[in-house]
Amino acid sequence: MKKVAIIMGSDSDLPVVQKAVDVLRDFGVPFEVRVLSAHRTPDEAQQFAKSARENGFGVIIAAAGMAAHLAGAFAAHSTLPVIGIPVKSSTLDGVDALLSTIQMPTGMPVATVAINGAANAALLSVEILSVYEKELEEKLRAYREAGTNKVLEKDKEVREKFSC
Ligand code: RP5
């Protein structure tokens with residue numbers, strides 16, 4: 001199976017990124033976690049992106065806050081799908097990172113999830129890999145079913161609580 005690269009711009013992003021790690025572990029998807037910065041370690045980030053495909057990665061997740069150029073930098077140097085996580089790490093509450101990550105020019109797509117949306121970034125990467133991995137498709141179906149059952153259970157509880 002292809003690996004998922006989880007890159008964060010700073011180790012201060014780790015509490016957010018941890019949710020992506022948890023999801024990939026639950027799905028049994030192999031991954032590597034790195035701290036690479038578009039601004040502070042641009043050469044290392046570029047090198048990682050350029051060799052990611054030949055190093056067995058299928059998807060790159062890039063999490064960064066503030067003037068978040070990490071996902072865009074990876075998209076510039078790799079034709080692998082890149083998922084951007086805008087991290088809330090400044091006085092602008094993550095809106096700065098959201099706009100920096102999502103507003104990519106034509107030809108350089110970045111699939112941007114919600115601010116701090118690390119779990120969805122991991123789920124999207126599982127969905128991408130599931131195109132060629134049948135077992136992941138089955139796990140995704142089970143995950144969705146569990147989510148549905150949880151809501152139905154809550155609905156039942158609420159209806160019972162407020163029934164006259
Ligand atoms: C970004 O700047 C990082 O992704 C982080 O969210 C933010 C602050 O980084 P630190 O100053 O905490 O290292 O590059």
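Just so you know, ligand 1 is whichever comes first in the structure, and atom 1 is the first atom listed for that ligand. In this chain, numbering begins with 1 at the start of the sequence shown.
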Starting from [atom], locate the nearest protein heavy atom and write down its residue, its atom name and how far away it is, to 0.1 Å.
atom	result
atom 14 (O) of ligand 1	Gly65 O, 4.2 Å
atom 8 (C) of ligand 1	Met66 SD, 4.0 Å
atom 10 (P) of ligand 1	Ser10 OG, 3.5 Å
atom 12 (O) of ligand 1	Ser12 OG, 2.7 Å

Ligand 1 versus Arg40, non-hydrogen atoms closer than 4.0 Å: side chain, backbone, both, neither?
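The answer is the side chain of Arg40.
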Side chain, backbone, both or neither: which part of Ala64 has a heavy atom under 4.0 Å from ligand 1?
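The answer is both, backbone and side chain.
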Indicate whether the side chain of Asp22 and that of Gln18 have a donor and an acceptor atom separated by less than 3.5 Å.
yes
Between [Y] and [X], is there a salt bridge with N-O shorter than 4.0 Å?
X	Y	answer
Glu145	Arg141	no
Lys134	Glu137	yes
Glu157	Lys161	no

Do the ring planes of Phe57 and Phe48 sit parallel (below 30°), tilted (30 to 60°) or perpendicular (above 60°)?
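It falls in the tilted class, 30° to 60°.
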Can you tell me how the ring of His39 sits relative to the ring of His69, calling it parallel under 30°, perpendicular over 60° and tilted otherwise?
perpendicular
May I ask you to list the atoms of ligand 1 that are less than 4.0 angstrom from any heavy atom of Asp13?
3 (C), 4 (O), 5 (C), 6 (O)
List ligand 1 atoms under 4.0 Å from Ser89, heavy atoms only on the residue side.
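Selected atoms, number and element: 5 (C), 6 (O), 7 (C).
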